[in-house]
Amino acid sequence: MAATRKAPAATWRGLALGRDPVRRAIYVVGMLPAASTFYFGLMDQLGADPQKTLERTLGLWALRFLIACLTITPLRRLGGPNLVRYRRSIGLLAFYYAALHLTVYTVLDQGLDLSAIWADILKRPYITIGMLAFLVLVPLAVTSNAAMIRRLGGTAWQRLHRLIYLAAAAAAVHFIMLVKSWPAEPLIYAALVAGLLLLRLVFKLQRRARPDRRARPEAARA
């Protein structure tokens, strides 16, 4: 019974601010763009279409935090700072922004009309892809805590969280399709995601090659 109570509590702590002051600072600073955008919306300072500006700004920050999260491992492997302990915090920020983005769409844009939302998902490919990105992020956010790592096991947890690459790719495609043109900004984000995916492939191939190098001297001795 006690173990059952601890798991939801640990899950909630993983989704909330946590105890580490640096992580708390990351969450607080990371949510400032959302707070400022909502404030400007309340002050009627988001332009001619405030709802659209609010929705797109939140979605854009979700994509930015996804890219920042994916950058941490390559940065460490290329000799940069080791920020791995803060990767989950940044990933959760991406989820929070994606959830806010989706909330603005479902509540302000569609008025919580489930039939209209479902029809929109089926009719508009960019919404279908955006919804896919969000659905992929949900299990990643729920399992972003030490209790779920222990429950799933390290290998299974890592395999699950590799889906963040799928979420980032889907989010980048969603952004490109949403703007319905070819401005530089969405293409830059798409290029960053593609570059990070390519780096991951390179690192994976390097890992596979290392055992072969170690095996050669043993084979020579034999």
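Computed from a prediction, not measured in an experiment: that's the story for all the values here.
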inquiry  = Between Tyr189 and Arg64, do the side chains contain a donor N or O and an acceptor N or O under 3.5 Å apart?
reply    =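 Yes, a side-chain donor-acceptor pair sits under 3.5 Å.
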
task = Might you work through the side-chain contact (heavy atoms from CB on, under 4.5 Å) test for Leu66 and Leu70, ending with a clear yes or no?
result = CA-CA 6 Å; Leu66 276 174; Leu70 294 180; 5.6 Å; no

Which pair of heavy atoms, one from [X] and one from [Y], lies closest together, and at what distance?
X      : Y      : result
Ala62  : Ala98  : CB-N, 3.6 Å
Ala34  : Leu100 : CB-CD1, 4.2 Å
Ile67  : Thr71  : O-OG1, 2.6 Å
Leu46  : Gly41  : CD1-CA, 3.4 Å
Ala171 : Leu63  : CB-CD1, 3.9 Å
Tyr97  : Leu32  : OH-N, 4.2 Å

Linking I/L/V/M/F/W/Y whenever any side-chain heavy atoms sit under 4.5 Å apart, do [X] and [Y] land together?
X      : Y      : value
Leu114 : Trp118 : yes
Leu60  : Leu132 : yes
Leu198 : Val193 : no
Leu122 : Leu135 : yes
Ile164 : Leu201 : no

request  = Not counting sequence neighbours, which residues clear salt bridge (Lys or Arg N to Asp or Glu O under 4.0 Å) with Asp120? List them please.
outcome  =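 Asp120: salt bridge (Lys or Arg N to Asp or Glu O under 4.0 Å) contacts with Arg124.
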
key: Pairing residues for Arg200 by the salt bridge (Lys or Arg N to Asp or Glu O under 4.0 Å) criterion, not counting sequence neighbours   =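 Not a single residue meets the salt bridge (Lys or Arg N to Asp or Glu O under 4.0 Å) criterion with Arg200.
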
message = For Ile129, is there any backbone N or O sitting under 3.5 Å from a side-chain donor or acceptor partner on His174?
response =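 Looks like no, no N/O pair under 3.5 Å.
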
query = Is the centre of the Phe175 ring less than 6.0 Å from the centre of the Tyr126 ring?
reply =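 Judged by ring-centre distance (under 6.0 Å), Phe175 and Tyr126 do not meet the cut-off.
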
query = Step by step, would you call Thr143 with Arg151 a side chain to side chain donor-acceptor pair (under 3.5 Å)?
reply = CA-CA 9 Å; Thr143 57; Arg151 178 175 293 185; over 6 Å; no

ask   = Is there a side-chain contact (heavy atoms from CB on, under 4.5 Å) between Met131 and Leu102 once you walk through the steps?
value = CA-CA 8 Å; Met131 192 64 70; Leu102 179 62; 3.7 Å; yes

request  = Hey, can you tell me if His161 and Trp157 have their rings parallel, tilted or perpendicular (30° and 60° cut-offs)?
outcome  =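 Plane angle under 30°, so parallel.
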
task = Please tell me if the side chains of Thr37 and Trp61 come closer than 4.5 Å, counting only heavy atoms from C-beta onward.
result =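 No, too far: nothing below the 4.5 Å cut-off.
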
task = Before giving the answer on side-chain contact (heavy atoms from CB on, under 4.5 Å), spell out for Val173 and Met177 the whole-Å C-alpha distance, their side-chain angles and the decisive distance to 0.1 Å.
result = CA-CA 6 Å; Val173 172; Met177 297 177 72; 3.7 Å; yes

query = Got a sec: does the CZ of Phe203 have more than 12 other heavy atoms crowding it under 6.0 Å?
reply =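 Yes, because the 6.0 Å sphere around CZ of Phe203 holds more than 12 heavy atoms from other groups.
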
inquiry  = To the closest 0.5 Å, what do you measure between CD (Gln110) and CD1 (Ile121)?
reply    =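 Those atoms lie 9.0 Å apart.
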
